[in-house]
Amino acid sequence: MKTTNLCFVSDLSQHLGETVCLRGWMRAMRSSGKIRFVEFRDGTSTCQCTVEASKPDAFAALEGCGQESSLTLTGTVREEARSPGGVELSIETVEVHQQAMEYPISRKEHGVDFLMQHRHLWLRSPRQGAILRIRHRVITAAREFFDQRGFTLIDTPIFQPGAAEGAGTLFELDYFGSPAYLAQTGQLYLETAAMALGKVYCFGPTFRAEKSKTRRHLTEFWMIEPEIAFVELEDLQELSEEFLLHVVASVLTHQQAELEELGRDVGALERIQAPFPRLTYSEAVELLHSPELHAKLETELAEAQDAVAQVKEELSQKEQQVSQVTKAWKVEKFNQEIQELQDQIRELDRWIAHQPAHIEDAKTFQWGKDFGGDEETILSRQFESPLIVSEYPREVKAFYMKQNPDDPRTVRNLDVLAPEGYGEIIGGSQREDDLDTLLARMREEGMDPEPYQWYLDLRRYGSVPHGGFGLGIERTVSWICGLKHIRETIPFPRLMGKMTP
RNA sequence: UCCAGCGUGGCUCAAUGGUAGAGCGGGUGACUGUUAAUCACUAGGUUACAGGUUCGAGUCCUGUCGCUGGAGCCA
């Protein structure tokens, strides 16, 4: 498409006084008789454009254009205090590519179900755009981190013959008459590549058939997994720390505008610093049992009750204000805010109601159990930086994790828990590199070693200490963006019972 | 799989068991500085579905389906 002086909205302010051409979509149009205001977006940003009746062709061209009509606009750029953003395009000519009518997503509030059914259009909204840009930054920063350290990208297969972990969580499919499964990790293959190239990573989709309907789960998500020869648990702890610091710093450097669009508390991200707190599983259990923690949880409970009182105060103020408002849509806006406050109160109340049970669970937590979401939340909320928990009981972890030489009850693994209660974003381990120990462990799990001969070969031919971890992209994005639900972190989320669009 | 909550115009929501309504969005018209513009007029409904109770059901009861959140499992 031939255009002259093509320009993007994001750098409009560098073209003051010039005649430029913008291509994009109409987000909204307001009219005041002889002047029309076009809110215009082109994928980089949004700006206000105006056209006056003194330009009859351009003025008429916008007639009948609904929200999301596609347009090419030419006009002059000028400073304008009355325009949001301070810059405005005075339109000279309008080319309408397509007149859109009755765009389903209005600028009012919508329910989640409706938005999810219109996910293909929902992506056009500013908030979703901001999340997708941050997702891109997280992925770019993650790859950059490993690339700069001499890692080689290895693509592991998505069709896989069996499970690395529990088989019940895999999607089974028919592979020319034989059962096959969608990958839930590239790890076993990655280990072979680490023995070939030393430092490797994979980045791809992974699939879990878990029937989880929560704000933290997808059935299809993306994971980046490094795997390194000649490393032990302590090296992995350090690597995961440097890795997360790099990703967070990169987002803070490049995506301030997006974090602001999302209303993210940037301070919480800025306060993250090395060294991250490190606890062994046993220390974490001790922490759960400690009276200091219980006292702190009691304090949190009291604070939450104060918070409820505060929100209720705010609520009654709003309810008073609403009676003085006459415009119907403003009343409705107030009602929406009131609704939100009531939701907040309900959530806090639920948290308060469960808190005694949480404290009790923490007190009575038994060594040997895996941490549930509640324990993870309690632990990670004690720190401002991500928390590294290592050396879990062997029974609750996968067969390939290296047995702890100092304590055969535990393995040399690590989980990294994001702050603010976002839970596990990294899971990994040093791998069992001794053939006999690994075989014994597989027998313990009732696994047939036969299909794993290729994997066991790594322990026969030049075995070395090695390990790696996996970072869930969506959980990381969810945490960095401060989102309530993981479904907004991926363009087309796959959830239990949801495949379209 | 289990527990809880919710299904009313395209969207967001109202409606003591008694005539189904508002705002937004759509359409028509007015307005040269709008910021979810404003104002006037207008079209739009088998209240998720199937039974039941009742003189009368959007509202009460039973079942089905769908959605949402949580548990378990996990990144």
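Residue numbering restarts at 1 for every chain, and letters A, B, ... go by the order of the sequence lines.
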> Looking across every strand, which nucleic acid part, if any, lies under 4.0 Å from E474(A) by heavy atom: base, sugar-phosphate, or nothing?
Replying inline: nothing

> Which nucleotide in the list U1(B), C74(B), U34(B) gets nearest to the side chain of R30(A)?
Replying inline: U34(B)

> Taking atom C1' in both C60(B) and C24(B), what distance in whole Å separates the two?
Replying inline: 33 Å

> What nucleic acid atoms does H217(A) come within less than 4.0 Å of, heavy atoms only: base, sugar-phosphate, or nothing?
Replying inline: base

> In Watson-Crick or G-U wobble terms, both distances under 3.5 Å, what is the partner of U34(B)?
Replying inline: none

>> Within the 4.0 Å heavy-atom criterion, would you say K498(A) contacts the bases, only the backbone, or no part of the nucleic acid?
In response: sugar-phosphate

> In the strands shown, is U1(B) matched to any nucleotide by a Watson-Crick or G-U wobble pair with both distances under 3.5 Å, and which?
Replying inline: A71(B)

> How many Å lie between CD on E375(A) and P on C73(B), as a whole number?
Replying inline: 10 Å

>> In whole Å, measure the gap between the P atoms of G10(B) and U16(B) for me.
In response: 23 Å

>> Taking U46(B) as the reference, what is the distance to U8(B) when you measure between their C1' atoms (whole Å, please)?
In response: 12 Å

> Which atoms form the tightest heavy-atom contact between I473(A) and F203(A), and what is the distance?
Replying inline: CG1-CE1, 3.6 Å

>> Should F37(A) be counted as stacked on G33(B), where stacking needs a ring-centre gap under 5.5 Å and an angle between planes under 30 degrees?
In response: no

> Over how many whole Å does the gap from M29(A) atom CE to G25(B) atom P extend?
Replying inline: 12 Å

> Between atom CD in E102(A) and atom C1' in C11(B), what is the gap in whole Å?
Replying inline: 12 Å

>> Between G23(B) and G18(B), how far apart are the two C1' atoms, rounded to whole Å?
In response: 26 Å

> Can you tell which of G33(B), C73(B), A75(B) lies closest to the side chain of R78(A)?
Replying inline: G33(B)

>> Classify S31(A) by what it touches in the nucleic acid, base, sugar-phosphate, or nothing, heavy-atom distance under 4.0 Å.
In response: base

> Considering only the C1' atoms, how many Å lie between C55(B) and G17(B), rounded to the nearest integer?
Replying inline: 12 Å

> Is E258(A) salt-bridged to R264(A), cutoff N-O under 4.0 Å?
Replying inline: no

> For the residue pair F151(A) and V200(A), what are the closest heavy atoms and their distance?
Replying inline: CD2-O, 3.3 Å

>> At 4.0 Å (heavy atoms only), tell me whether P104(A) reaches a base, stays on the sugar-phosphate, or touches nothing.
In response: nothing

> Which nucleotide in the set A75(B), C67(B), C31(B) lies at the smallest distance from any side-chain heavy atom of E424(A)?
Replying inline: A75(B)

> The side chain of F114(A) lies closest to which of these nucleotides: G10(B), A75(B), G69(B)?
Replying inline: G10(B)

> Which residue lies toward the 5' end of RNA chain B, Y103(A) or M496(A), if each is placed at its nearest nucleotide?
Replying inline: M496(A)

>> With a 3.5 Å limit on both atom pairs, tell me what G58(B) is paired to, counting Watson-Crick and G-U wobble, or say none.
In response: none

> Is the base of C74(B) touched by the side chain of R475(A) through a donor-acceptor pair closer than 3.5 angstrom?
Replying inline: yes

> Between atom CD in Q67(A) and atom C1' in C24(B), what is the gap in whole Å?
Replying inline: 11 Å

> Applying a 3.5 Å limit to both distances, which nucleotide forms a Watson-Crick or G-U wobble pair with G29(B)?
Replying inline: C39(B)

> What does E88(A) touch in the nucleic acid at a heavy-atom separation under 4.0 angstrom: a base, only the sugar-phosphate, or nothing?
Replying inline: base

>> Could you check whether F146(A) and F243(A) have their ring centres less than 6.0 Å apart?
In response: yes

> Can you tell me how far P of A75(B) sits from CG of L182(A), to the nearest Å?
Replying inline: 17 Å

> Can you tell which of A75(B), C24(B), G33(B) lies closest to the side chain of S106(A)?
Replying inline: C24(B)

>> Does E144(A), at its CD atom, have more than 12 non-hydrogen atoms belonging to other residues, nucleotides or ligands within less than 6.0 Å?
In response: yes

>> Whole angstroms only, please: what is the CD1-C1' distance between I105(A) and C11(B)?
In response: 10 Å

> With a non-hydrogen cut-off below 4.0 angstrom, is G111(A) in contact with a base, only sugar-phosphate, or nothing?
Replying inline: sugar-phosphate

> Expressed in angstrom and rounded to an integer, what is the separation of W122(A) atom CH2 from U12(B) atom P?
Replying inline: 12 Å

> For R36(A) and C31(B), is the shortest distance between a side-chain N/O and OP1 or OP2 below 4.0 Å?
Replying inline: no

> Could one point to a donor on the side chain of T214(A) or the base of G69(B) with an acceptor on the other under 3.5 Å away?
Replying inline: no

> Any chance the side chains of R82(A) and Q48(A) put a donor and an acceptor closer than 3.5 Å?
Replying inline: no

> F145(A) ring centre to R149(A) NZ or CZ under 6.0 Å, with the angle to the axis within 45°?
Replying inline: yes

>> Check this one for me: any side-chain N or O of H118(A) less than 4.0 Å away from OP1 or OP2 of G10(B)?
In response: no

> When all nucleic acid strands are considered with a 4.0 Å heavy-atom cut-off, which category describes R27(A): base, sugar-phosphate, or nothing?
Replying inline: nothing

>> Any N or O donor-acceptor pair under 3.5 Å from the base of C73(B) to the side chain of S212(A)?
In response: yes

>> Does the structure show a Watson-Crick or G-U wobble partner for G9(B), both distances under 3.5 Å? Name it, or say none.
In response: none

>> Within the 4.0 Å heavy-atom criterion, would you say M101(A) contacts the bases, only the backbone, or no part of the nucleic acid?
In response: sugar-phosphate

> For K369(A) and G72(B), what is the distance between atoms NZ and C1' respectively, to the nearest whole Å?
Replying inline: 12 Å

> So what does D370(A) hit on the nucleic acid, given a heavy-atom distance under 4.0 Å: a base, only sugar-phosphate, or nothing?
Replying inline: sugar-phosphate

>> Any base atoms under 4.0 Å from E39(A), or only sugar-phosphate, or nothing? Heavy atoms, all strands.
In response: nothing

> Do the two ring centres, one from F371(A) and one from F365(A), sit under 6.0 Å apart?
Replying inline: yes

> Mind checking the P distance from G63(B) to A15(B)? Whole angstroms is fine.
Replying inline: 26 Å

>> Within a 6.0 Å radius of atom CD on E420(A), are there more than 12 heavy atoms belonging to other residues, nucleotides or ligands?
In response: yes

> Is there a Watson-Crick or G-U wobble partner for A20(B) with both distances under 3.5 Å, and which nucleotide is it?
Replying inline: none

>> I want to confirm an ordering. Mapping E63(A) and S54(A) to their closest nucleotides on RNA chain B, which one lands closer to the 5' end?
In response: E63(A)

> Does G63(B) have a Watson-Crick or wobble mate here (both distances under 3.5 Å), and if so which one?
Replying inline: C49(B)

